[in-house]
Amino acid sequence: MSKSLEKENTKQWLSWTTTVLVVGFFLLITIGSYIKIKTTVVIIYSILSLPLFIAEFRRNLKELYTSPLMLMWMTYCAIGLLSTIFIEKEKDMYILISEVTFTFILFTLTRYVHFEDFFKVYRPFVLILVLIALFQSATGILVFNFLKEGTNFIAEDTTHGILSIFEYRHYFGCYILLAFFSLFFYPTKHLWINLLYGAIFIAATVMTYTRSIWIAFVFGMLLLIIFALVQLARKNKSGS
């Protein structure tokens, strides 16, 4: 086996492995909240992520300072840290540390993911959770109730917004929106599958009954339209 082929196979293996780890992280964090192992999950993932971050330290460090997404996150964390210091709320500090840790884990793992591979796993994962949520809404049978029994988390929202396995409707909505908008950048090869995915994800977004998610959906669509117009303008300019 040539070195180039071996290197490509290693990259492909690493991509699929990190894809499973990222999707698993989403699921384990949620389940961990119910059975009180969330901190353990975060520690294990941090230990897994640290060698990957160090392996390409310079590249990853540069990306931290050049990625607009990461710059926004770091700005948010800095503001949150300052407000926490002055307000002195221990709970807020815990939330801030959790968010910084989550960001580090997801940033590090997704650096090794081929997003085409990632969404091949992620979209069906979200679709299954959506179909379960719709089944729960239609039948009143709470599939994930056994996880939430004896905890402070509700099995069914009083607004009847769909929750699926998640603690809160807006958490579920974020997962749905990521799956929906990925269709515009990493679509499947079949138009009918894209349309079916899109229709189900839009219906699920509406059924979360979460205004923040509805607003995020509208805002995301506006950004897509602006992006498309900019691309069209560039294409016309280069063609003239």
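Bear in mind the structure is a predicted one, so any value in this text is a computation, not a measurement.
- Note: the hydrophobic cluster containing Ile215 does not contain Val206 (ILVMFWY, side chain heavy atoms under 4.5 Å, direct or indirect links).
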- Item | Working for side-chain hydrogen bond (donor to acceptor under 3.5 Å, both in side chains), residues Ser15 and Asp117 | CA-CA 7 Å; Ser15 173; Asp117 296 339; 3.2 Å; yes

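- Of the residues Val42, Leu50, Leu48, Ile43, the one that meets the side chain to side chain contact (heavy atoms under 4.5 Å, CB included) test with Ser46 is Val42.
- Grouping the Ile, Leu, Val, Met, Phe, Trp and Tyr side chains by contacts below 4.5 angstrom, directly or via other members, places Ile226 apart from Phe185.
- Cluster membership for Ile176 and Leu131, using ILVMFWY side-chain heavy atoms within less than 4.5 angstrom, is shared.
- The line from OG1 of Thr208 to CZ of Arg169 is 7.0 Å long, rounded to the nearest 0.5 Å.
- You'll find the side chain of Tyr45 reaches within 4.5 Å of the side chain of Val41, heavy atoms only.
- Evaluation of the ring pair (Phe, Tyr, Trp, His ring centres under 6.0 Å) rule for Phe184 yields Phe180 as partners, not counting sequence neighbours.
- Note on residues 177-187: pairs passing side chain to side chain donor-acceptor pair (under 3.5 Å), not counting sequence neighbours, are Arg123-Ser182.
- By the rule that hydrophobic residues join a cluster once side-chain heavy atoms approach within less than 4.5 Å of another member, Val126 and Leu27 end up as members of one cluster.
- Here the shortest heavy-atom pairing between Thr205 and Trp214 reads O-NE1, 3.1 Å.
- Under the 4.5 Å side-chain criterion, counting only non-hydrogen atoms from C-beta, Phe201 is not in contact with Leu177.
- No chain of hydrophobic side-chain contacts below 4.5 Å, direct or via other Ile, Leu, Val, Met, Phe, Trp or Tyr residues, connects Leu28 to Val20.
- Val130 pairs in a side chain to side chain contact (heavy atoms under 4.5 Å, CB included) with only one of the listed residues (Tyr197, Phe125, Phe172), which is Phe172.
- Ring orientation note: the planes of Trp192 and His190 are tilted relative to one another, at an angle of 30° to 60°.
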